[in-house]
Structure formats: C-alpha cells, structure tokens
**Student:** 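First, the structure itself, so that you have it in front of you.
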Amino acid sequence: MRFFKKRMNILVLGGGSARGLCSIGVLKVLEKYFGKGKIPFDMIVGSSIGSLIGASYCLGMSVEELERRVGEFSWPKMVDFGIYSTGMIKGERLEGIIRDCVDGRGFSDMRVPFALTTTDIETGEELTHDSGDLIKLLRASCSWPGIFTAVENDGRLLVDGGVRNSIPTKAAKKYGATFILAVNPGFAVKNQKMNNVLRVTVQAVQIMGEELNAYQSRQADIIIKPDLKDIDQFDFDRSGYIIKMGEAAAEDMIQRIRKRL
C-alpha cells in the first residue's frame with residue numbers, strides 16, 4: 001500500500017506595526033486568485049500586528065472590513081501614556097481596538113485554524129498559542145517591551161511575539177507545515193545622521209530586527225517582502241499605501257505561489 005503525506009500549507013504573517021498592514025494587501029491578492037474567503041491555506045500563524053490581522057481574518061472579517069478598520073488606526077488612538085513598571089503605555093486603548101476586532105469571539109470560533117506568538121519577558125522563552133484568552137494574548141503579541149506594558153497570563157509576563165519571532169516560521173514548522181508562504185514587512189532601517197541617543201537606539205533595533213527577519217524568512221518556501229523603504233512603524237496614516245504595496249508584492253509572486261499550490 002502506498003502512503004501519502006498530507007500537505008500542510010501555512011500562511012505566516014510577520015510583525016512590524018504599521019508596516020505589517022501590508023499583510024491585508026497580500027490577503028486581497030490571494031482572494032482575487034483563489035476565491036473570496038477561500039485562500040488555500042490550512043492555517044495562519046501571526047506575530048505582533050500580523051497576529052491581529054490573522055485572527056480577525058480567521059474569525060471571518062472580510063479583507064474589505066479589515067482595510068476599513070485599519071484606515072481608522074492612528075498612533076494617538078493607541079496610546080495611553082503613564083509611568084508603569086513594565087512600559088510607558090498602559091495598553092488599554094490597544095486592547096479596546098483588539099476587542100472591537102475580535103467582537104467577543106475566541107480561538108474556538110476560528111473558521112481557519114490560527115496561532116499567534118508571544119515572548120515570556122522574564123525567561124526569554126518563545127511561546128505559541130492556539131487556545132486561551134484571545135484578547136489578552138493578542139494584546140501581548142502586539143506589545144513591544146518597554147513601550148507597552150507586559151501582559152500577565154497563566155503566571156507568565158508576556159510581550160511582543162516579534163521579540164523572538166518577527167516572522168514566525170518556526171511556529172509554522174511546529175504545526176507540521178510542508179509549505180510556508182511568509183509575509184515579511186521588514187524594518188525601517190534608514191540612512192541618517194545619528195545625532196541623539198533615541199535615534200541611535202531606534203536604528204539599532206531596526207538593524208537587529210531586519211537581521212532576525214532575514215534569518216527566519218529562510219524557513220519559508222516563498223517570501224513576500226513589499227517595498228516599504230519610506231514607511232516607519234508608526235505610519236498608520238499611510239495604511240492605504242502600505243496595503244497597496246502588499247498587493248503589488250503579492251502580485252509579483254502569485255504565479256510562483258499558484259504553481260507551488
């Protein structure tokens with residue numbers, strides 16, 4: 001008797017704050033070629049902003065509604081500054097945005113299996129979640145340490161999944177992926193004068209993040225990396241442009257994707 005190994009196609013959505021909105025453009029192109037709500041993937045795995053986009057889509061939110069929602073995002077709507085033990089931003093406004101997207105639903109309501117990544121800031125451990133308190137875990141996955149406060153969950157102190165898994169291909173492999181399509185929003189590394197401490201710190205984080213993305217992307221079969229060289233992580237007011245860049249990059253790769261699938 002001949003045995004066949006089941007294919008496991010997984011779509012991986014990387015982090016990158018506003019840059020990560022390009023994943024919506026990728027979803028638009030996939031639906032264009034494979035049918036509305038019928039992208040040919042057995043599972044979606046997301047990190048940071050990719051986790052919020054992935055969860056919303058897997059819960060049944062249309063790409064049109066996703067595009068409309070993120071068009072209303074802005075940095076002032078997300079921040080509630082203060083002095084806290086684990087961050088400068090409390091995160092309640094961010095959690096409110098997540099609640100609106102999730103609309104009282106959880107992992108058990110997903111139409112497509114979904115998982116997200118977080119990082120235990122106390123132990124450095126990378127974690128993958130496909131069950132639990134979805135709102136709390138999404139907030140943790142989107143909370144860059146030191147900026148947003150960490151999230152307590154099951155005795156752990158969790159922060160952004162992008163700290164360890166900016167492109168969560170390792171998590172996809174754990175779920176048995178035989179084909180991985182990864183969206184890599186990249187980091188905003190700039191050619192600029194380094195004339196203050198904050199600028200040096202931000203640039204260093206961008207450089208390290210870009211290197212991590214490059215390393216983790218190697219585990220993907222196909223990588224979609226939009227041209228976002230002029231986009232910062234905080235440019236939510238340019239969501240329309242970012243999504244279009246995601247569409248353009250996906251269109252460039254669609255024949256390879258269709259051939260592999």
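When a residue number appears, it is its place in the shown sequence, counting from 1. Reckoned from all heavy atoms, side chains included, excluding hydrogens, waters and symmetry mates.
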**Student:** Which of parallel (below 30°), tilted (30 to 60°) and perpendicular (above 60°) describes W75 and F148?
**Tutor:**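 W75 and F148: perpendicular rings.
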
**Student:** Taking the basic N atoms (NZ, or NE/NH1/NH2) and the acidic carboxylate oxygens, is any pair closer than 4.0 Å for K32 and E247?
**Tutor:**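 Not counted as a salt bridge, because no side-chain N and carboxylate O are separated by less than 4.0 Å.
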
**Student:** Can you tell me if Y84 has over 12 outside heavy atoms packed within less than 6.0 Å of its OH?
**Tutor:**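 Check passes, neighbour count above 12.
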
**Student:** Under 4.0 Å between a Lys/Arg side-chain N and an Asp/Glu carboxylate O for K28 and E67?
**Tutor:**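 Yes.
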
**Student:** Answer yes or no: does atom CD of E152 have more than 12 heavy-atom neighbours from other residues, nucleotides or ligands under 6.0 Å?
**Tutor:**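 No, because the 6.0 Å sphere around CD of E152 holds 12 heavy atoms or fewer from other groups.
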
**Student:** Answer with yes or no whether the side chains of Y33 and Q255 bring together a donor and an acceptor at under 3.5 Å.
**Tutor:**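 Side chains of Q255 and Y33: no pair found under 3.5 Å.
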
**Student:** Scan residues 100-110 for pairs that pass side-chain hydrogen bond (donor to acceptor under 3.5 Å, both in side chains), counting only residues two or more places apart or in two chains.
**Tutor:**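 Applying side-chain hydrogen bond (donor to acceptor under 3.5 Å, both in side chains) to every pair that reaches into residues 100-110, excluding sequence neighbours, yields nothing.
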
**Student:** I need the L30 CG to L11 CG distance, nearest 0.5 Å.
**Tutor:** 6.5 Å

**Student:** If the condition is salt bridge (charged side-chain N to carboxylate O under 4.0 Å, His left out), which residues does E95 pass it with, not counting sequence neighbours?
**Tutor:** R99, R139

**Student:** So with a 6.0 Å cut-off around CG of D154, is the heavy-atom count from everything else above 12?
**Tutor:**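 Counting neighbours around CG of D154, 12 or fewer heavy atoms of other residues, nucleotides or ligands fall under 6.0 Å, so no.
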
**Student:** Could you list all the side-chain hydrogen bond (donor to acceptor under 3.5 Å, both in side chains) pairs where at least one residue sits in residues 43-58, not counting sequence neighbours?
**Tutor:** E31-Y57, S47-T117, S48-D160, S51-S141

**Student:** Any salt bridge between E65 and R69, counting N to O under 4.0 Å?
**Tutor:** yes

**Student:** If you draw a 6.0 Å radius around CD in E211, do more than 12 non-hydrogen atoms from other residues or ligands fall strictly inside?
**Tutor:**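 It does not: E211 CD has 12 such atoms or fewer within range.
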
**Student:** We want to know whether D230 and Y241 form a side-chain donor-acceptor pair, criterion being a heavy-atom distance below 3.5 angstrom.
**Tutor:** no

**Student:** If you draw a 6.0 Å radius around NZ in K90, do more than 12 non-hydrogen atoms from other residues or ligands fall strictly inside?
**Tutor:**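 No, NZ of K90 has 12 or fewer neighbouring heavy atoms, counting only those of other groups under 6.0 Å.
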
**Student:** Find out whether L52 and C101 are in side-chain contact, i.e. whether some heavy atom of one side chain is under 4.5 Å from a heavy atom of the other.
**Tutor:**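 Side-chain contact under 4.5 Å: yes.
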
**Student:** Just verifying a value: how many Å separate T119 OG1 and L158 CG, rounded to the nearest 0.5 Å?
**Tutor:** 8.5 Å

**Student:** Out of L59, L116, D133, which residue meets the side-chain contact (heavy atoms from CB on, under 4.5 Å) rule with F107?
**Tutor:** L116

**Student:** Should the pair K36-E64 be classified as a salt bridge under the 4.0 Å nitrogen-to-oxygen rule?
**Tutor:** yes

